[in-house]
Asker: 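Take a look at this one; I'll ask things after.
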Protein chains: 4
Amino acid sequence: MPDQPKRRQRRADGELSRTRILDAATEIAAERGYEGTSIGAVSAKCGLPASSIYWHFKDKDDLIAAVIERSFGNWLTVWQLPDDVIARDRLMEVATGTAKAVLDSPDFLRLGLMLALERRPVEPKARAMFVQVRQRAFEALQTSIRDLGPALTEDQVSQLATYALAGADGLFIAKEIGGDTVDLVALFALHGQALYDTALRMIAENEQR
Amino acid sequence: MPDQPKRRQRRADGELSRTRILDAATEIAAERGYEGTSIGAVSAKCGLPASSIYWHFKDKDDLIAAVIERSFGNWLTVWQLPDDVIARDRLMEVATGTAKAVLDSPDFLRLGLMLALERRPVEPKARAMFVQVRQRAFEALQTSIRDLGPALTEDQVSQLATYALAGADGLFIAKEIGGDTVDLVALFALHGQALYDTALRMIAENEQR
Amino acid sequence: MPDQPKRRQRRADGELSRTRILDAATEIAAERGYEGTSIGAVSAKCGLPASSIYWHFKDKDDLIAAVIERSFGNWLTVWQLPDDVIARDRLMEVATGTAKAVLDSPDFLRLGLMLALERRPVEPKARAMFVQVRQRAFEALQTSIRDLGPALTEDQVSQLATYALAGADGLFIAKEIGGDTVDLVALFALHGQALYDTALRMIAENEQR
Amino acid sequence: MPDQPKRRQRRADGELSRTRILDAATEIAAERGYEGTSIGAVSAKCGLPASSIYWHFKDKDDLIAAVIERSFGNWLTVWQLPDDVIARDRLMEVATGTAKAVLDSPDFLRLGLMLALERRPVEPKARAMFVQVRQRAFEALQTSIRDLGPALTEDQVSQLATYALAGADGLFIAKEIGGDTVDLVALFALHGQALYDTALRMIAENEQR
DNA sequence: TATGAATGAGGTTTCATTCAT
DNA sequence: TATGAATGAAACCTCATTCAT
């Protein structure tokens with residue numbers, strides 16, 4: 001009379017539970033944003049009671065911040081700025097890589113941008129974390145752009161990096177809204193080209209002056 | 001709660017109340033997004049009881065949709081695509097005008113983008129309304145771009161329009177995150193130039209082939 | 001055709017609801033103290049849903065403070081310090097009256113003393129209100145004692161008033177713990193006598209010195 | 001959470017943990033009462049996980065009872081009724097000693113009185129324990145008072161003891177509310193004197209009759 | 001001699017909404 | 001043209017407690 005293995009999963013497997021919670025929270029938060037992510041919904045999706053979520057995370061803010069943190073880790077493994085290519089190919093390559101990264105893990109960006117846009121009285125830890133992550137991407141872009149040539153002023157480098165990031169954000173949104181009608185890879189290529197041309201034009205203008 | 005002694009301009013009060021509610025809702029929704037906007041908070045901010053909000057608007061969805069609708073009206077008065085300029089100045093002019101429009105009424109864009117990013121099970125009317133408004137802007141851009149020259153394919157026109165819009169969205173976000181460190185006018189000029197150059201390059205390539 | 005007054009009690013009868021809530025809250029709070037009074041229990045006892053309690057009171061703190069406030073009103077109608085008796089009977093009379101007042105409405109005192117004893121990080125409004133009420137009783141006692149004779153120093157007046165109040169509090173507690181084995185009226189008489197004798201002794205000592 | 005590297009004094013650690021828990025629980029319970037004392041708060045204050053508290057104590061009731069029990073022990077070492085003094089000094093001496101005891105360990109009294117005042121459906125063990133401790137003090141007082149003279153009836157002895165205790169409780173509360181404005185030692189002296197005078201008056205009245 | 005992890009019940013409060021007036 | 005009052009559902013979070021290790 002071998003009854004089915006009832007699996008009283010009561011043994012301590014905290015790491016797995018934490019992961020399950022984060023998975024559920026990531027999925028929901030990426031779709032509905034901060035306020036739209038309810039602990040109850042996360043609980044329902046991951047199967048653990050709400051009170052168990054509070055064993056692993058101090059509060060909702062802590063949970064969403066952990067979601068951003070982990071998503072950023074995943075994102076980093078996808079979006080690797082190349083270090084050894086020659087200068088003139090750099091921006092194009094970054095553009096293409098970024099297109100792929102955006103396509104591969106849109107959850108991170110969607111949630112991050114939602115957080116970035118919100119202006120609530122007390123800034124959630126999650127937003128701060130995303131902004132900080134974004135700042136790192138910005139600095140990496142500055143470094144890449146600086147390598148294009150010594151003729152660019154720091155202001156120009158910063159402007160180009162801002163424009164590079166803005167294009168990426170905007171194209172992501174275009175894809176979100178437009179769906180399949182938007183060819184993200186082509187658009188990122190276009191963006192990379194535009195950036196490169198703009199940089200060259202700036203360099204030329206600088207030298208002329 | 002109503003502290004003024006009942007004035008008797010019965011006729012106009014309805015419209016005024018509606019306006020007060022919309023003002024409050026706009027402010028809150030632009031800061032906190034759809035879920036973050038509670039009827040209670042709107043009521044507290046505009047001074048009218050929650051039940052009065054339901055007299056003016058069917059439900060929360062209807063209220064937020066009205067917010068988008070009215071904001072779009074305001075936006076249109078600020079962002080006027082020029083119809084009669086000669087082709088080569090067109091994009092730059094649009095770019096500069098758009099920069100000003102973005103700076104003037106960020107609430108509309110912030111709320112709209114938040115709505116656009118969210119993916120909730122039943123799409124709010126407000127989101128549909130914003131997407132539709134955006135589509136109109138997209139079409140206006142296409143028309144402008146088409147006027148640059150007959151050599152551009154429809155695919156290219158569409159791509160350029162998408163890129164134009166994406167740049168605007170991205171630069172708006174950059175401004176939201178970066179605050180005073182971001183010079184929106186300069187960046188929109190850069191964006192306009194990049195668009196124009198890209199369009200010219202496309203035309204050249206088309207003719208060469 | 002007068003049909004039976006079906007009383008769809010949905011019409012606005014806020015004052016009655018408020019009273020029902022306060023009645024329930026008073027009963028529970030007097031038995032269990034601040035923390036022991038849950039909104040859920042009040043809701044169950046008064047029949048209104050918990051959310052309705054929040055229509056009438058801002059939060060739990062506000063509710064308990066209102067309980068104290070109303071109870072104090074009731075208490076005042078029971079405990080009236082006599083204003084026109086001659087000096088030498090005054091304390092005894094007050095003592096007897098206080099005994100009756102304590103016996104008549106123990107809820108106010110029990111809750112008040114519980115609040116007074118607690119030392120929570122943020123002092124509840126209810127505690128502040130009770131302490132303030134108590135201060136008024138203290139001042140009334142001071143006035144009464146001052147009338148006993150001009151020979152008492154202010155320090156002595158204050159000390160006697162403190163002792164008078166302390167005796168009342170202590171006897172109330174004795175009654176709470178001892179129940180029927182404690183004859184409150186006799187003890188308050190004893191307390192009044194002791195106070196009076198002490199006052200006389202003080203006066204005598206003052207004059208001797 | 002446990003940051004010290006596991007020391008191996010296995011033997012003594014049990015008792016030490018118990019003490020740490022009791023210390024934390026005493027502090028919290030003396031400030032917030034029974035319901036206000038949560039296992040989580042005790043755990044946070046003493047640094048041991050909640051489950052460890054349940055290893056040392058059966059449940060919350062057991063914990064608070066242990067707090068009262070230990071506090072009473074400490075109290076007894078402070079408040080020693082003199083056994084060998086002559087009758088007429090006795091009450092005064094007790095009064096002064098009690099003032100000091102009250103000043104030295106207010107936590108015990110505060111918690112005890114809070115427990116005594118509460119009226120919850122199932123009486124906590126801690127309340128029963130405090131009431132029983134109090135009964136012992138009551139009996140000691142009776143013995144002391146009885147020694148004042150054989151002329152006092154048992155009713156009078158009981159009444160005087162009740163009044164003695166009530167005064168102590170009331171003065172403690174006065175101190176709790178009034179803080180530094182209350183001179184406890186002077187008031188306890190006054191109380192002792194009043195008791196002594198009252199006793200003498202009773203004896204005189206008895207003999208007169 | 002502990003403790004990490006879990007859990008159901010219940011805590012306070014806010015939610016969107018309705019309805020009688 | 002409003003609004004005072006009510007309401008069930010759900011929000012976030014804490015509760016006392018258990019149990020396998």
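Per chain, numbering begins at 1; letters A, B, ... match sequence-line order.
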Asker: Is a side-chain N or O of B:Ser52 found less than 3.5 angstrom from the main chain of B:Leu48, in a donor-acceptor match?
Answerer: no
Asker: C:His56 side chain N/O closer than 4.0 Å to the phosphate oxygens (OP1, OP2) of F:dA6?
Answerer: yes
Asker: Please state how far atom CZ in B:Arg20 lies from atom C1' in F:dA2, giving the value in whole angstrom units.
Answerer: 12 Å
Asker: For residues 121-133 of chain A, pull every pair meeting salt bridge (Lys or Arg N to Asp or Glu O under 4.0 Å), keeping only residues two or more places apart or in separate chains.
Answerer: A:Asp62-A:Lys125, A:Glu123-A:Arg127
Asker: Mind calculating the distance between CH2 (B:Trp55) and P (F:dA5) to the nearest angstrom?
Answerer: 21 Å
Asker: When the distance from CG of A:Asp62 to C1' of F:dC13 is rounded to whole Å, what number comes out?
Answerer: 13 Å
Asker: Looking at B:Asp61 and B:Ala126, what are the two nearest heavy atoms and their distance?
Answerer: OD1-N, 4.2 Å
Asker: Is the charged tip of D:Lys60 near the ring of D:Tyr54: under 6.0 Å from the six-membered ring centre and within 45° of its axis?
Answerer: no
Asker: Between E:dG4 atom P and A:Ile53 atom CD1, what is the distance in whole Å?
Answerer: 20 Å
Asker: Could you write out each protein N or O paired with an N or O of nucleotides 9-11 of chain F at a distance under 3.5 Å?
Answerer:
| from | atom 1 | to | atom 2 | distance (Å) |
| --- | --- | --- | --- | --- |
| F:dA11 | OP1 | A:Ser38 | OG | 3.4 |

Asker: In whole angstroms, how far is the P atom of F:dC12 from the CZ atom of A:Phe57?
Answerer: 15 Å
Asker: Quick one: is E:dA2 close enough that its OP1 or OP2 comes under 4.0 Å of any side-chain N or O from D:Ser17?
Answerer: yes
Asker: What's the CG-P distance between A:Asp13 and F:dA20, to the nearest Å?
Answerer: 16 Å
Asker: Just do the side-chain contact (heavy atoms from CB on, under 4.5 Å) check on A:Leu113 and B:Leu113 with the steps written out, would you?
Answerer: CA-CA 9 Å; A:Leu113 288 179; B:Leu113 289 179; over 6 Å; no
Asker: Please tell me which of the listed nucleotides, F:dT7, F:dT14, E:dT17, lies nearest to the side chain of C:Ser52?
Answerer: F:dT7
Asker: Strictly under 6.0 Å, is that where the ring centroids of B:Phe72 and B:Phe130 end up?
Answerer: no
Asker: Strictly by Watson-Crick or wobble contacts shorter than 3.5 Å, is anything paired with E:dA20, and which nucleotide is it?
Answerer: F:dT3
Asker: Could you pick out which residue, D:Pro49 or C:Tyr54, lies toward the 5' side of DNA chain E when each is mapped onto its nearest nucleotide?
Answerer: D:Pro49
Asker: Write down the distance between CG (B:Asp61) and P (E:dA16), rounded to a whole number of angstrom.
Answerer: 12 Å
Asker: What is the separation between atom CD on A:Glu15 and atom P on E:dA6, rounded to the nearest whole Å?
Answerer: 10 Å
Asker: Given 3.5 Å as the limit, does a donor-acceptor pair link the side chain of D:Lys45 with the main chain of D:Asp23, or not?
Answerer: no
